[in-house]
Chemist: 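My structure is below; once you've seen it, I'll send some questions.
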Amino acid sequence: MIYAGIDIGSITAKAALIKNNRLLGTHVIMTGYDPINAGIKVFDALLKQSRISKTQISAIISTGYGRASVSFADKALTEIICHGTGAHFMNPEIRGIIDVGGQDSKAIFLDQNGQVENFAMNDKCAAGTGRFLEVMAKALEVDLELLGDFSLAADKPSKISSICTVFAESEVISMIAKQERRENIIAGIHESAAARVAILANKIKIKKPVMMTGGVAKNKGMVNSLENRLGFKLIVGDLAQENGAIGAAVLASKL
């Protein structure tokens with residue numbers, strides 16, 4: 001039997017398929033302004049890509065920011081549970097997860113069976129999230145995907161002191177006016193965001209090995225800043241962005 005997981009984030013929508021405890025495939029699209037349509041589109045695209053019909057799907061679980069919008073799902077579960085399950089499925093040795101998404105960031109502590117023991121979440125402020133990085137990328141006129149490469153070329157990261165995204169953006173604009181190196185500003189942005197996320201990880205006394213999930217895991221500069229802040233290496237898989245959808249699919253197989 002085949003099971004599906006659909007993760008509707010604020011920026012991207014992801015889908016995954018599981019059969020016989022094996023990952024069949026994943027797909028990612030931009031969520032856009034319509035999370036309902038995004039859920040349908042990402043699911044249909046994955047089915048077409050995998051050459052599987054809807055009638056072959058035994059159960060579907062939705063998760064993420066827009067999980068309630070997936071009306072055809074059998075059940076909706078939180079990102080915390082799905083990211084924990086996804087990380088354990090990909091690597092049973094994982095004990096900690098740092099998930100940086102578009103709207104929030106999370107630190108999760110797993111037991112040896114992949115069950116969530118504790119977690120901390122920043123969902124009240126954009127600082128330390130993908131949205132924070134997106135705002136800064138626009139201010140600096142840099143493609144979001146290139147932020148990581150820029151920051152790794154810095155020689156002296158700029159100091160971003162504001163916690164609030166709005167005030168931090170004003171700081172960045174002032175730095176641009178003073179003609180500070182763009183690479184240094186971006187490195188400073190990553191250090192500022194990493195500091196916020198590290199607070200969550202330290203709050204729950206996260207244990208190694210730690211996997212980083214979410215779309216921001218693709219950003220080498222952010223990963224590097226987090227590793228420096230935490231004092232250890234993070235495990236970043238090729239499917240870090242799809243981890244929540246993978247976990248949802250695994251949980252669908254247990255319904």
Chemist: For residues A4 and I57, report the shortest heavy-atom separation together with the two atoms involved.
Modeler: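 Closest pair (atom of A4, atom of I57, distance): CB-CG2, 4.1 Å.
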Chemist: Any idea which heavy atoms bring A217 and V236 closest together, and the distance?
Modeler: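 Here A217 and V236 meet closest at O-CG1, 3.6 Å.
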Chemist: Please step through side chain to side chain contact (heavy atoms under 4.5 Å, CB included) for the pair L110 and Q115, ending with a clear verdict.
Modeler: CA-CA 5 Å; L110 302 178; Q115 299 297 309; over 6 Å; no
Chemist: With a 4.5 Å cut-off on side-chain heavy atoms, are L24 and I2 touching?
Modeler: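 I2 reaches L24 side chain to side chain.
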Chemist: State, without any angle test, whether E183 and S151 hold a side-chain donor-acceptor pair at a distance under 3.5 Å.
Modeler: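 Note: E183 and S151 side chains miss the donor-acceptor criterion.
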Chemist: Give a yes or no answer on whether the side chain of T12 reaches the backbone of T31 with a donor-acceptor pair at less than 3.5 Å.
Modeler: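 The answer is no, because no donor-acceptor pair under 3.5 Å joins these two groups.
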Chemist: Would L200 and K106 count as a side chain to side chain contact (heavy atoms under 4.5 Å, CB included) if you check the C-alpha gap in whole Å, the side-chain angles of each, and the deciding distance to 0.1 Å?
Modeler: CA-CA 7 Å; L200 300 177; K106 300 172 277 291; 5.8 Å; no
Chemist: Closest heavy-atom contact between E171 and K159?
Modeler: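 So the two residues come closest at OE1-O, 3.6 Å.
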Chemist: Sort out for me which residue in N228, L230, V223 forms a side chain to side chain contact (heavy atoms under 4.5 Å, CB included) with L226.
Modeler: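 Among N228, L230, V223, the one that satisfies the side chain to side chain contact (heavy atoms under 4.5 Å, CB included) with L226 is L230.
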Chemist: Tell me, do L17 and I52 make a side-chain contact under 4.5 Å, heavy atoms counted?
Modeler: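 A side-chain contact under 4.5 Å exists here.
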Chemist: Between R67 and E79, does any NZ, NE, NH1 or NH2 come within less than 4.0 Å of an OD or OE carboxylate oxygen?
Modeler: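 Answer for the salt bridge query: yes.
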Chemist: Just by distance, do the side chain of N184 and the backbone of D155 share a donor-acceptor pair under 3.5 Å?
Modeler: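 At least one qualifying donor-acceptor pair exists.
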Chemist: Hey, does R131 have a side-chain heavy atom less than 4.5 Å from the side chain of S10?
Modeler: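 The answer is yes; the side chains approach within 4.5 Å.
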Chemist: Would you say the side chain of I98 lies within less than 4.5 Å of the side chain of I206, judging by non-hydrogen atoms?
Modeler: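 Sidechains of I98 and I206: in contact.
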Chemist: Counting C-beta onward and ignoring hydrogens, is there a side-chain heavy-atom pair between I189 and L133 closer than 4.5 Å?
Modeler: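 They are in contact (side-chain heavy atoms under 4.5 Å apart), so the answer is yes.
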Chemist: Among the clusters formed by ILVMFWY side chains lying less than 4.5 Å apart, do I61 and I81 turn up in the same one?
Modeler: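 Yes, because I61 and I81 connect within a single hydrophobic cluster, where side-chain heavy atoms sit under 4.5 Å apart.
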Chemist: Salt bridge or not for E242 and K14, using N-O below 4.0 Å?
Modeler: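 Salt bridge absent between E242 and K14.
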Chemist: Quick one: pull up CD1 in I185 and CG in L147 and give me the separation to the nearest 0.5 Å.
Modeler: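 So the gap between those two atoms works out to 12.0 Å.
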Chemist: Treating S192 as the side-chain partner and G188 as the backbone partner, does any N or O pair qualify as donor plus acceptor under 3.5 Å?
Modeler: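 Side chain of S192 to backbone of G188, a donor-acceptor pair under 3.5 Å: no, none is there.
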Chemist: Do the side chains of L46 and V42 get nearer than 4.5 Å, heavy atoms only?
Modeler: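 The answer is no; the side chains never approach within 4.5 Å.
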Chemist: Indicate the atoms forming the closest heavy-atom contact of A154 with A187, along with that distance.
Modeler: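 Looking at all heavy atoms of both residues, the shortest contact is CB-CB, 3.5 Å.
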Chemist: Okay, side chain of N243, backbone of A87: is any donor-acceptor separation there less than 3.5 Å?
Modeler: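 Flag set: sc N243 to bb A87 pair under 3.5 Å.
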Chemist: Let me confirm one number: the CG-CD distance from L234 to E227, rounded to the nearest 0.5 Å.
Modeler: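 So the gap between those two atoms works out to 4.5 Å.
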Chemist: Charged N to carboxylate O below 4.0 Å: is that the case for D111 and R95?
Modeler: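 No, this pair does not count.
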Chemist: Rounded to the nearest 0.5 Å, what separation is found between the CD1 atom of I176 and the CZ atom of R181?
Modeler: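 Answer for the CD1-CZ pair, I176 versus R181, is 14.5 Å.
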Chemist: So, does D34 use its side chain to make a donor-acceptor pair with the main chain of I36 at under 3.5 Å?
Modeler: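 Yes, because the side chain of D34 sits within donor-acceptor range (under 3.5 Å) of the backbone of I36.
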Chemist: Would I160 end up clustered with M136 when hydrophobic side chains under 4.5 Å apart are linked, directly or stepwise?
Modeler: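 Yes, it is one cluster - the side chains of I160 and M136 are joined through contacts under 4.5 Å.
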Chemist: With hydrophobic residues grouped by side-chain heavy-atom distances under 4.5 Å, do I204 and V210 end up in a single group?
Modeler: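 Yes, because I204 and V210 connect within a single hydrophobic cluster, where side-chain heavy atoms sit under 4.5 Å apart.
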Chemist: So Q56 and M1, do their side chains get closer than 4.5 Å, heavy atoms only?
Modeler: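 Contact flag for M1/Q56 side chains = no.
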Chemist: Show the nearest heavy-atom pair for residues A59 and D74, with the distance to one decimal.
Modeler: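 For A59 and D74, the tightest heavy-atom pair comes out as CA-OD2, 3.2 Å.
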Chemist: Output the distance between atom CG (D44) and atom NE2 (H27), rounded to the nearest 0.5 Å.
Modeler: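 Rounded to the nearest 0.5 Å, the CG-NE2 separation comes out at 10.0 Å.
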Chemist: Give a yes or no on whether a salt bridge exists between K178 and E180, defined as a side-chain N under 4.0 angstrom from a carboxylate O.
Modeler: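 Looking at K178 and E180, the cut-off is not met.
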Chemist: Just by distance, do the side chain of S69 and the backbone of G66 share a donor-acceptor pair under 3.5 Å?
Modeler: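 Side chain of S69 to backbone of G66: a pair is present.
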Chemist: Stepwise, does the side chain to side chain contact (heavy atoms under 4.5 Å, CB included) test hold for I6 with T63?
Modeler: CA-CA 6 Å; I6 300 174; T63 190; over 6 Å; no
Chemist: Any side-chain to backbone donor/acceptor pair from D143 onto L146? Under 3.5 Å, distance only.
Modeler: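 A pair under 3.5 Å: no.
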Chemist: Treating Ile, Leu, Val, Met, Phe, Trp and Tyr as nodes and any side-chain heavy-atom pair under 4.5 angstrom as an edge, say whether I199 and V100 lie in one connected cluster.
Modeler: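 Result: no, two separate clusters.
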Chemist: Begin from the C-alpha positions of L239 and L23 and carry the test side chain to side chain contact (heavy atoms under 4.5 Å, CB included) through to its verdict.
Modeler: CA-CA 11 Å; L239 297 175; L23 183 63; 3.5 Å; yes
Chemist: How long is the span from the NZ atom in K19 to the OH atom in Y3, to the nearest 0.5 Å?
Modeler: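 Atom-to-atom, K19:NZ and Y3:OH are 11.0 Å apart.
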Chemist: Only pairs at least two apart or in different chains count here, so list each ring pair (Phe, Tyr, Trp, His ring centres under 6.0 Å) that has a residue in residues 50-109.
Modeler: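 Every pair satisfying ring pair (Phe, Tyr, Trp, His ring centres under 6.0 Å) with a residue in residues 50-109: F43-F72.
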Chemist: Without swapping roles, check the side chain of T129 against the backbone of D104 for a donor-acceptor pair under 3.5 Å.
Modeler: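 Not a single qualifying donor-acceptor pair exists.
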Chemist: Decide whether V142 and V216 are clustered together by the hydrophobic rule: side chain heavy atoms of Ile, Leu, Val, Met, Phe, Trp, Tyr closer than 4.5 Å, transitively.
Modeler: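 Same cluster: V142 reaches V216 through Ile, Leu, Val, Met, Phe, Trp or Tyr contacts under 4.5 Å.
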Chemist: Below 4.5 Å, heavy atoms only, C-beta onward: do T26 and I246 meet side chain to side chain?
Modeler: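 Yes, close enough: below the 4.5 Å cut-off.
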Chemist: What pairs of residues pass the ring pair (Phe, Tyr, Trp, His ring centres under 6.0 Å) test when at least one of them lies in residues 177-208, not counting sequence neighbours?
Modeler: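 Qualifying pairs, neighbours excluded: none.
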Chemist: Around atom CG of N113, are there more than 12 heavy atoms of other residues, nucleotides or ligands at under 6.0 Å?
Modeler: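 Atom CG in N113 is packed in, count exceeds 12.
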Chemist: Between CG of L77 and SG of C82, what distance do you get to the nearest 0.5 Å?
Modeler: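 L77 CG to C82 SG: 5.0 Å, rounded to 0.5 Å.
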Chemist: Does E93 have more than 12 heavy atoms from other residues, nucleotides or ligands lying within 6.0 Å of its CD?
Modeler: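 Open.
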Chemist: Which heavy-atom pair separates G84 from I97 by the least distance, and what is that distance?
Modeler: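 Here G84 and I97 meet closest at CA-CD1, 3.5 Å.
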Chemist: For the residue pair D99 and T213, confirm or rule out a side-chain donor-acceptor distance under 3.5 Å.
Modeler: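 Side-chain D/A pair, D99 to T213: present.
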Chemist: Report yes or no: does N202 contribute a side-chain atom to a donor-acceptor pair with the main-chain N or O of A198 at less than 3.5 Å?
Modeler: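 It does hold such a pair.
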Chemist: Quick check: does any side chain N or O of S105 sit under 3.5 Å from a backbone N or O of G101, one acting as donor and the other as acceptor?
Modeler: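 Not at all, since once roles are kept as given, no pair shorter than 3.5 Å links the two residues.
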